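Down below is the structure, laid out as structure tokens.
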Amino acid sequence: MNFAPSFVAVSFAIAGLIAAAGPVIIHLLNRRRYRIVQWAAMDFLREALQRNRRILTLRDILLLMLRTAAVLLVGLALARPFFSSSDQAYDGSKPLHAVLVIDNSLSMGHESLEGTLLDRAQERARRFIDQLPADSRVTIIPLCGSRAGYSPDAATKESALQSLARIELVDRSASVLRAMNEAQRACELGPALGQRIVIFSDQQIANWRDLTRADQFEGLPPIQIVDVSATDPQNTWVSAFRVQDGVADVETPTTFLAEIRYDGTAPRRDVEVALSVDGQEVASKTVTLEPGQGAREVPFQYLFNSYQPEPGKSLSVPVKVTLTPDQLAADDERHLIVHVVAALPVVFVDQYGVDDEDPVKNRLGETRLLRKLLAPVGSRAESARQLVRVRHVKLQQLTQELLEDARLVVIAGVADPGDQTALLRDYVEHGGQLVIAAGGAYDPARNSGFDPVRWTEAAWRDGAGILPAPLLPEPLGATPEDAGRDWKPFFLSFDSLQAHQYFQLAGVAEQELRDLYSEPFFFKAVSAEMSDQTLEALQQAERKRLEEEDLFVAEAQGRRKQAVESGGEAGLDETTRELLRGDEQREGQLRHTWLLWAHQLAAAGEEPLPDDPQQRALRWETMAKRTLPRVLARFDDPAGTPFLLTRRIGRGDVLFAASGLLSNWNTLPTSNAVLIFDRTLRAMIQSTLPPRNFGPSERIALPLPTGERDLALQLRRPDGGGQAELLDTGFVGRDQLGFSIEQPLARGLYRVTASRGNGNGGAARETAWELPLAVNGDADESDLQPLSRDQFDARVGNAAVRWVGPDEEISLAGAQVSGQNSWWWLILAVLGLLLLELLLVARWGTRTAPSPALASN
């Protein structure tokens, strides 16, 4: 037993000790020195008082002791003292506080004849709770969250058993580090009892990715980790599911790619992989999976010709891929919401435009190849069903009205952007996608022929323009006409293409891809200046812009508050009113409002900045780094000159192609490698469509698809048993109405249905719109391989962490606590001291003892 007490709130004990010194200090300050004055008439009075002097002095000392002790005991009572024992022997008479962390991640759904791993963990936790002493308190923590939520507060054993039974599987990954943090928080909030932390988990290796050192366990009570892993952790799962080209249209078949993984010791044969569209199975394939095979890609094709998307908009179609079920059925399917689109506006800008282009005279704009890729049929009747609606213009014809509904702008073969840089920068910042390509024959009359010097002057602007990076004045190579016999072609670097899915094709082997991308000859290209100094200057400039923007928002909010407190603009001077009008104009620009479709991209906008100055500075640094240019593809020249360069600007992206698209700068138009632009442009268009695929999270906030407000919203979850729940509408962003789905933790399809009154005054309502959403968890959660005991020992070292195997008992031994209710006795002691003080005062009154001078005179 440790006889030195511990305190729940030691600060109160310190405060009580300081306050207890108060009466003593006051007593010492009141001990005044008296001047002795000889006065014969006081001799008789001195003799009368001498008799009571000792009694009054004793009374004052007793009162001082009583009052000091009362103040000290009040502080100790508030500090709630207790005594802890380091004896590891279990004492069943003393209650405990047990913190039980239950791993309810997707992998805990692995089934055997005895049930799921979660069932096994719940049963072991139930037995442990039954063994706890009477009056113990228990905290139940579902490690991966719960749709119903949970409280870290301690509960009785009966309530804990009920909470334990309510834990369900969710489509999230577990983390031992998160388990430790949650347990520590529960211990801090719990009662002053002996603490026992027990974590029930399948011990996946992925669960330990955040814990690699023993010192990470410091400061925690002893922990027991109960292993409930599967004895035969074989599994097959869908690790990825996507549309190869990003979006689907109604004219060309859409290619789906399902990635299948298998972890086992023997081949798994006749595994059926099925594709379902809108709830109907449309295709299936049978595959054999070999041990150690890695990812197996299974392609499907489907034509959405029965769908009729509205021109310029998209339809959200739910698609699902499933496998023959195994022992972990939850990961044998994956869901996807596909955007089926038609006639999305795309603006193509080159030296001719639609008015001056003439194929008969061989006057072809530099963007012609990309126009034919995205819209192969040129008739007006068919254009409404194609992927894009082409708007072919010259540079001087660009206006905000032309761009307000455009998803993508392609500029190629233009000498420089001139005064259109500001408009294009604004378009990209609002969420638009921009492609800039070199190329074109030099023609001053038509402003054609890409000029890197003029482009840098007009469009770099120290990072505030539309170029991903400044361009060097001297190009790489020369066209055959300019080089004569000295022309030296160069090629794409295949190694640089392998890192991005844009350049991968379903069912095509690596050697075939290498041959495909080696077809085009490149003669001339523009070089981007990508030195460390340039990137550092760009990052600093972007950070400065973010800081100035944040400062402006804070100042604007202050001025608006001042206006409200002054009773509106009428109570302000003209200078302040002018500032308010300027604030309104600039805030309108920052809110990204003029693109007609941009409000659907994000409901809540960017994540709010933290209040802590250091955390805010780190966020600015992270946001600035995201704007740095990235190389998607390079040439094979010694310098590795970038061919495709992209950069994030605001909410949009700019892609720069360093060579031409149709001119004599290369032979790309005559090769099949040109398909990389089809894949890239489709992916850029897809990024402008509203998000419909999510991971499991605490909350999904989305704007209303239409401006209609008088709607009733219902949500059907994949695990809701068909029962609908009502959703409230409200503001989910700045001046943006929307709805929120709380705790979407289950894998599957979520359907939000909006209904309106039928206008007849009856109770019946008609459907206004229906919005499907897909939620899928992390594929790494399906890798069931557990941590071995040797690996566990190496990670925890000498830390107070114990592995509890399937055949081992969870220990109740450990430090125990007694005297946690002693604060009641301290309060009673305070009351007794106060009562004794009243008795002393009542017995001898409040008379003051005579001064020493008087008594001795």
Side-chain angles (χ1 to χ4, degrees), residues 106-107 109-110 169 171-173 234-249 252-264 268-290 293-307 315-340 501 504-508 682-683 686 689 691-696 717-719 744 746-751 772-784:
L106 186 78
S107 61
H110 189 275
L169 291 169
D171 192 8
R172 300 178 87 175
S173 299
Q234 298 190 60
N235 190 32
T236 308
W237 67 97
V238 184
S239 57
F241 184 42
R242 62 185 176 90
V243 176
Q244 179 175 261
D245 297 327
V247 294
D249 62 77
T252 57
T254 300
T255 300
F256 294 93
L257 299 178
E259 186 180 271
I260 314 299
R261 289 184 179 271
Y262 170 62
D263 185 12
R268 188 180 178 198
R269 306 184 187 279
D270 300 327
V271 178
E272 184 180 13
V273 186
L275 177 73
S276 299
V277 176
D278 231 346
Q280 299 294 322
E281 185 175 318
V282 297
S284 65
K285 295 183 178 182
T286 302
V287 299
T288 296
L289 303 173
E290 299 288 343
Q293 181 180 13
R296 170 76 179 271
E297 199 169 69
V298 181
F300 291 96
Q301 284 197 335
Y302 182 77
L303 181 61
F304 291 92
N305 56 353
S306 61
Y307 292 84
L315 280 178
S316 298
V317 180
V319 182
K320 178 176 68 172
V321 64
T322 57
L323 304 177
T324 304
D326 59 3
Q327 290 178 287
L328 181 56
D331 62 1
D332 293 333
E333 64 180 37
R334 211 160 186 90
H335 298 258
L336 182 69
I337 303 300
V338 179
H339 289 287
V340 181
Q501 66 180 21
Q504 308 300 315
L505 298 176
V508 180
R682 283 174 175 263
Q686 190 270 339
L689 299 173
R692 296 292 181 258
N693 297 287
F694 302 91
R717 298 176 182 263
D719 56 347
R747 178 174 302 198
L749 182 65
Y750 294 70
R751 288 188 182 272
L773 306 171
V775 173
N776 297 280
D778 190 356
D780 291 341
E781 175 62 19
S782 298
D783 187 353
L784 305 182

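Predicted, not measured: the structure shown is a model, and the values here were computed from it.
- At least one donor-acceptor pair under 3.5 Å links the side chain of D778 to the backbone N or O of D780.
- Put simply, the side chain of E781 gets close to the backbone of S107: a donor and an acceptor are under 3.5 Å apart.
- In this structure, L773 CG and R692 CZ are separated by 6.5 Å, a value rounded to the nearest 0.5 Å.
- Using a 4.5 Å cut-off on side-chain heavy atoms (C-beta onward), L328 and L784 make contact.
- Side-chain atoms of N235 do not come within 3.5 Å of backbone N or O of D263 as any donor-acceptor pair.
- The closest side-chain heavy-atom distance from P718 to H335 is not below 4.5 Å.
- Judged by distance alone, with hydrogens and angles left aside, the side-chain atoms of T324 form a donor-acceptor pair with the main-chain N or O of E272 at under 3.5 Å.
- Note that NZ of K320 and CZ of F241 are 10.5 Å apart. Values are rounded to the nearest 0.5 Å.
- Residues F304 and D249 come closest through the heavy atom pair CB-O, 4.2 Å.
- Listed here is the closest heavy atom pair of Q301 and P253: OE1-CB, 4.2 Å.
- Minimum interatomic distance between R334 and G777 (heavy atoms only, all atoms of both residues): NH2-O, 2.6 Å.
- Side-chain contact annotation: T236 with R268, donor-acceptor N/O pair under 3.5 Å present.
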Starting from the C-alpha separation in whole Å, work towards a yes-or-no answer on side chain to side chain contact (heavy atoms under 4.5 Å, CB included) for T255 and D245.
-> CA-CA 7 Å; T255 300; D245 297 327; 5.5 Å; no
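- A distance of 10.5 Å separates CG in N776 from CG in L106, rounded to the nearest 0.5 Å.
- Going from atom CG of N693 over to atom CZ of R242 covers 13.5 Å, rounded to the nearest 0.5 Å.
- The main-chain N or O of Y262 is never found under 3.5 Å from a side-chain atom of R296 such that the two would form a donor-acceptor pair.
- The two residues Q234 and G264 come nearest to each other via the heavy atoms OE1-CA, 3.4 Å.
- Within the 4.5 Å cutoff, the side chain of L257 has heavy atoms near those of the E297 side chain.
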List the steps, then state whether side chain to side chain contact (heavy atoms under 4.5 Å, CB included) holds for L323 with V238.
-> CA-CA 8 Å; L323 304 177; V238 184; 3.6 Å; yes
Start with the C-alpha distance between V273 and F300, add both sets of side-chain angles, then the distance that settles side chain to side chain contact (heavy atoms under 4.5 Å, CB included), and finish with yes or no.
-> CA-CA 10 Å; V273 186; F300 291 96; 3.9 Å; yes
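- Side-chain atoms of D171 never come within 3.5 Å of backbone atoms of A746 as a donor-acceptor pair (strictly under, hydrogens ignored).
- Counting heavy atoms from C-beta outward, L749 and P772 have side chains that approach closer than 4.5 Å.
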Tabulate below the donor-acceptor pairs under 3.5 Å that side-chain atoms of residues 274-287 make, not counting sequence neighbours, or state none.
| unit_1 | atom_1 | unit_2 | atom_2 | d |
| --- | --- | --- | --- | --- |
| D278 | OD2 | Y307 | OH | 3.3 |
| K285 | NZ | P299 | O | 2.5 |

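- Rounded to the nearest 0.5 Å, atoms CG (D332) and CH2 (W237) are 10.5 Å apart.
- Heavy-atom minimum distance, V247 versus R682: O-NH1, 3.8 Å.
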Apply the test side chain to side chain contact (heavy atoms under 4.5 Å, CB included) to residues V321 and F256: give CA-CA distance (whole Å), side-chain angles for both, the deciding distance (0.1 Å), then the verdict.
-> CA-CA 10 Å; V321 64; F256 294 93; over 6 Å; no
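- The backbone N or O of A779 lies less than 3.5 Å from no partner atom in the side chain of R261, so there is not a single donor-acceptor pair.
- Inspection of the S239 and E259 side chains reveals an N or O donor paired with an N or O acceptor under 3.5 Å.
- When every heavy atom of S316 is checked against every heavy atom of I337, the shortest pair comes out as CB-CG2, 3.6 Å.
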